[in-house]
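Step one of this worksheet: look at the structure below.
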Amino acid sequence: MIKCENLQKTYPLRKLHGYQALKGLDLHIRTGEFVAITGPSGCGKSTLLNILGFLDNPSGGHYFFRDRNVSSFSDSERSGLRLSEVGFIFQSFNLLPRFTALDNVRLPMLYLGAGSDESESRALGLLERVGLAGKEYHSPLELSGGERQRVGMARALANDPKLLLADEPTGNLDSRTGVEVMAMLKDLNRAGLTIVMVTHDLNLAGLASRIVKVKDGVIEA
C-alpha cells in the first residue's frame, strides 16, 4: 500500500540550509499491516505521518500510495485523497465542540457528497460500533476523554478509508481507556484495515504487527 523511497523533508528556517526532518527515509507498508512508528521527540515521525496522510508533501524522494506516485500532488489532489482514502485519529481528538457527536461523524461524509439521510444512518451505526449508542446527540464537552476518542474513531471511519493513521491515540487517556482504544484498533486491523500509529509508548507499540523505529530522520530499525 505504501512505498517511500529516499523520502526527504526540509523546513525553511532563517538559517541558510533550513531544518531537515527526513533525510532519505525508506519505508514499505503492506496492505493489512498494523505498523507502530516510534522514536524520540523531533526524530521525524510526525513529519512522516503528515506526508503519509497527505497533509504535507515531501521535499525530495518518492511516495507511492496504492501504486500511484503522489509525491508532487497539488493541494487539491492531496485533499481529495485525504478525504476519500485516509482516516485520522488524533491525540487531542480535534472534534468540533459546538457539534454533536453525530454531526462530528457525519461531516466527512457530507464533504464527500453523501446525502443527509445516508450520512446520518451511517454515523449512527459507527457510533454504535464504538460503544456510544445513546450519546449521539451529546456535544464533545459533555463526553469523557475516552468517549471523545471513540467519536474520533467513528469519524475516522466515516468514509470507509483504506488507511487509518493514529497520532498518539491514547496520549490523553487513562491507562484503562487506552487499552480499550487499542483493542478497537486491533479489531479494525483484524478486519483488514491498514493502520499506522505513532506512539512514544513501547508497550502500545508492541501490540502492533511491526515496529518501525525512527531516529534523526531515517529508519533506525
Side-chain angles (χ1 to χ4, degrees), residues 1 29 31-36 49 52-55 65-66 78-174 176-199 204 207-209:
M1 173 173 282
I29 296 175
T31 299
E33 277 198 287
F34 186 170
V35 175
L49 202 71
L52 296 183
F54 309 110
L55 292 170
F65 179 75
R66 304 182 73 198
R78 285 189 286 114
S79 294
L81 278 175
R82 191 166 61 241
L83 184 60
S84 62
E85 302 280 349
V86 183
F88 289 89
I89 300 175
F90 302 96
Q91 177 179 353
S92 55
F93 318 129
N94 286 11
L95 301 176
L96 298 174
R98 295 186 180 181
F99 282 35
T100 64
L102 178 65
D103 286 338
N104 268 282
V105 177
R106 290 179 66 198
L107 199 58
M109 298 182 242
L110 297 174
Y111 281 145
L112 207 57
S116 179
D117 291 344
E118 177 189 357
S119 64
E120 181 173 346
S121 176
R122 178 163 170 76
L124 288 170
L126 287 169
L127 287 168
E128 182 177 5
R129 181 178 178 182
V130 298
L132 287 180
K135 297 195 174 182
E136 300 91 342
Y137 299 100
H138 288 56
S139 78
L141 299 178
E142 297 173 309
L143 300 174
S144 68
E147 289 169 337
R148 293 181 197 180
Q149 193 57 292
R150 288 169 185 260
V151 176
M153 293 181 72
R155 179 188 58 190
L157 299 173
N159 287 332
D160 194 20
K162 303 300 185 293
L163 173 66
L164 182 64
L165 300 178
D167 189 2
E168 299 283 0
T170 65
N172 283 332
L173 306 177
D174 61 79
R176 179 180 177 180
T177 306
V179 169
E180 293 172 354
V181 167
M182 287 300 301
M184 285 189 282
L185 290 178
K186 290 285 288 183
D187 286 343
L188 290 168
N189 178 244
R190 279 191 287 266
L193 184 59
T194 306
I195 300 177
V196 180
M197 174 181 70
V198 163
T199 182
L204 293 179
L207 298 174
S209 56

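Along the sequence shown, residues carry numbers from 1.
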task: Just do the side-chain contact (heavy atoms from CB on, under 4.5 Å) check on M109 and N159 with the steps written out, would you?
output: CA-CA 6 Å; M109 298 182 242; N159 287 332; 3.5 Å; yes
message: Any non-hydrogen side-chain atom of F88 less than 4.5 Å from a side-chain atom of N94?
response: no
message: Is it the case that the side chains of S116 and R106 hold a donor-acceptor pair, with the cut-off being a distance below 3.5 Å and no angle test?
response: yes
task: Measure from the side-chain N and O atoms of S121 to the backbone N and O of D117, and report whether any donor-acceptor pair falls under 3.5 Å.
output: no
- line: On a heavy-atom basis, the closest approach of L157 and R129 is CD1-NH1, 4.3 Å
- prompt: Any side-chain heavy-atom pair from L127 and K135 closer than 4.5 angstrom?
  reply: no
field: Derivation and outcome, side-chain contact (heavy atoms from CB on, under 4.5 Å), residues T194 and K162
entry: CA-CA 7 Å; T194 306; K162 303 300 185 293; over 6 Å; no
Close side-chain approach of R155 and F90, heavy atoms under 4.5 Å: yes
- line: Correct closest heavy-atom pair for A156 and L164 would be CB-CD1, 3.6 Å
query: Between Q149 and P169, is there a donor-acceptor pair closer than 3.5 Å when you use the side chain of the first and the backbone of the second?
result: yes
- prompt: Looking only at heavy atoms, which two atoms of V35 and A208 are closest? And how far apart?
  reply: C-CB, 4.2 Å
query: When rounded to the nearest 0.5 angstrom, what distance separates CG in L132 from CG in L124?
result: 11.5 Å
query: What distance separates D103 CG from S139 OG, expressed to the nearest 0.5 Å?
result: 11.5 Å
- prompt: Counting distance only, does the side-chain N/O of N189 pair as donor-acceptor with the main-chain N or O of G32 below 3.5 Å?
  reply: yes
- prompt: Should L55 and R82 count as side-chain neighbours, where that means a heavy-atom distance under 4.5 Å?
  reply: yes
Heavy-atom closest contact (L110 atom, G115 atom, distance): CD2-O, 4.3 Å
query: How far does CG of L112 sit from CG of L83, to the nearest 0.5 angstrom?
result: 4.5 Å
- request: Count the heavy atoms belonging to other residues, nucleotides or ligands that lie under 6.0 Å from CZ of R98, then report whether that count exceeds 12.
  value: no
- request: Report yes if the side chains of F93 and V151 come closer than 4.5 Å at any heavy-atom pair, otherwise no.
  value: no
message: If you compare all heavy atoms of T177 against all heavy atoms of G146, which two are closest, and at what distance to 0.1 Å?
response: CG2-CA, 3.3 Å
- request: Could you check if a side-chain atom of E85 sits within less than 4.5 angstrom of a side-chain atom of R66, using non-hydrogen atoms only?
  value: yes
query: Counting N and O atoms only, with roles assigned by atom type, does the side chain of E120 sit under 3.5 Å from a partner on the main chain of E118, one being a donor and the other an acceptor?
result: no
field: From OG1 (T199) to CG (L207), nearest 0.5 Å
entry: 9.5 Å
- prompt: Any side-chain heavy-atom pair from M153 and L185 closer than 4.5 angstrom?
  reply: yes
- request: For residues E142 and Y137, report the shortest heavy-atom separation together with the two atoms involved.
  value: OE1-O, 4.4 Å
statement: So OG of S144 and CG of L173: to nearest 0.5 Å the spacing works out to 8.5 Å
query: With side chains defined as the heavy atoms from C-beta onward, is the minimum distance between M1 and E33 less than 4.5 Å?
result: no
task: Calculate, to the nearest 0.5 Å, the distance between atoms CG and CG belonging to L49 and D167 respectively.
output: 5.5 Å
- prompt: Could you walk me through whether R122 and D160 pass the side-chain contact (heavy atoms from CB on, under 4.5 Å) check?
  reply: CA-CA 10 Å; R122 178 163 170 76; D160 194 20; 4.0 Å; yes
